[in-house]
Amino acid sequence: MKNESLLTIDNLSFSYDGEIEQVRGVSMELHGGRMVGVIGPNGAGKSTLLKAAAGILNVSSGRIEIRGRNLSTMPRREVAVELGYMPQHVNIVSGYSVEQVVAMGRYCHLKGFGFSSAHDREVIEQAMAEAEVLEFRGRDIAQLSGGEQQRVLLGSVLAQEPNILLLDEPTTGLDLHHQGSFFALLARQSQAGKAVMVVTHDLNLAAKYCDELVLMHKGEKIASGVPGEVITAEHISQAYNEDIIISKHPETGRPLVFV
């Protein structure tokens, strides 16, 4: 699955109710074994792009394909087997334990009367371990902190075992340790052959962990490539209208951004 084109976004445009387009003419491909970070200021169209790629929004024009199949014609259950989406904001409902929430990610794989198999339970256990929420398994998700809830939701997405992971600002509310471990986990998922696309405001985390970056500005893709090609003074100043200093990470040599 590594290097295989898993998700194709072709000339995608989207607007809400005919208003100004939030995304204009964006094209890109997600390959197995690659992690792509989508960066840019507020209002750049990052989250809209991710929702469209997940099939949540009906695009104004363009095409989205999963392994060559038009996403808009695929049954949602088949999409869920291939693609896992983690939104930026989720309304948390009390009455469900952490383990139950993570187990919901297995729904698209269940057969017959919907009973989970031994394999399903193994996957759920592994997903909780990877998301670092095993210690909370019996607790009501509504009783957890915002950062802990984020990790539970990640566990639910991992339990889907999708080939494509789309995550919108997944480290919001996490402390420094869990921000780093979260991105390291996503990097491991891509190294295992999955295609990962993550929207983030943290340029330094994106530069450290992502194989490729896409820089959005006013609904358009203005730069893409490896972190060193995208995070330049010219590109970042154009998108953020800020004077910045770019250095190099002492271990990786990748860009470090300072305002």
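Under the rule for a side-chain hydrogen bond (donor to acceptor under 3.5 Å, both in side chains), Q238 has no partner lying at least two apart in sequence or in another chain. Scored by the side chain to side chain contact (heavy atoms under 4.5 Å, CB included) test, R137 finds E99, E125, M128, L134 as partners (sequence neighbours excluded). Applying the side-chain hydrogen bond (donor to acceptor under 3.5 Å, both in side chains) criterion to E122, with sequence neighbours excluded, gives no partner residue.
Comment: E4 engages R67 in a salt bridge, judged by a side-chain N to carboxylate O separation of less than 4.0 angstrom. Electrostatic pairing of E78 and R76 does not count as a salt bridge here, judged by no charged N lying under 4.0 Å from a carboxylate O.
Counting only residues at least two apart or in different chains, side chain to side chain donor-acceptor pair (under 3.5 Å) contacts with residues 246-259 are absent.
Y107 belongs to no hydrophobic cluster with other residues, because no ILVMFWY side-chain heavy atom falls under 4.5 Å from its own, directly or through intermediates.
In summary, the side chains of N70 and T73 do not present any donor paired with an acceptor at a separation below 3.5 Å, with no hydrogens or angles considered. Using a 3.5 Å distance cut-off with no hydrogens or angles, the side chains of H178 and S181 do not pair a donor with an acceptor.
What you find for P255 and A207 is that their closest heavy atoms are O-CB, 3.5 Å.
Around atom NZ of K51, no more than 12 heavy atoms belonging to other residues, nucleotides or ligands sit under 6.0 Å away. In this structure, H119 places its NE2 atom where more than 12 heavy-atom neighbours from other residues, nucleotides or ligands lie under 6.0 Å away.
The backbone N or O of S61 sits nowhere less than 3.5 Å from a side-chain atom of S13 that would complete a donor-acceptor pair. Checking side-chain atoms of R121 against main-chain N and O of S116 turns up a donor-acceptor pair under 3.5 Å. No donor-acceptor distance shorter than 3.5 angstrom exists from the side chain of H109 to the backbone of D120, with no hydrogens or angles considered.
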Hey, can you pull the donor-acceptor pairs under 3.5 Å for the side chains in residues 38-45, sequence neighbours left out?
{"unit_1": "N42", "atom_1": "OD1", "unit_2": "H201", "atom_2": "NE2", "d": "3.0"}

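Put simply, the side chain of L50 reaches to within 4.5 Å of the side chain of Y85, judged on heavy atoms. In this structure the side chain of L144 reaches within 4.5 angstrom of the side chain of V152, judged on heavy atoms.
The structure places CG of L185 at 5.5 Å from CD of E130, a figure rounded to the nearest 0.5 Å. Atoms OG1 and CE, from T200 and M197 in turn, are 13.5 Å apart once rounded to the nearest 0.5 Å.
Put simply, Y209 and V257 are part of two different groups of oily side chains (I, L, V, M, F, W, Y) that touch within less than 4.5 Å, one to the next.
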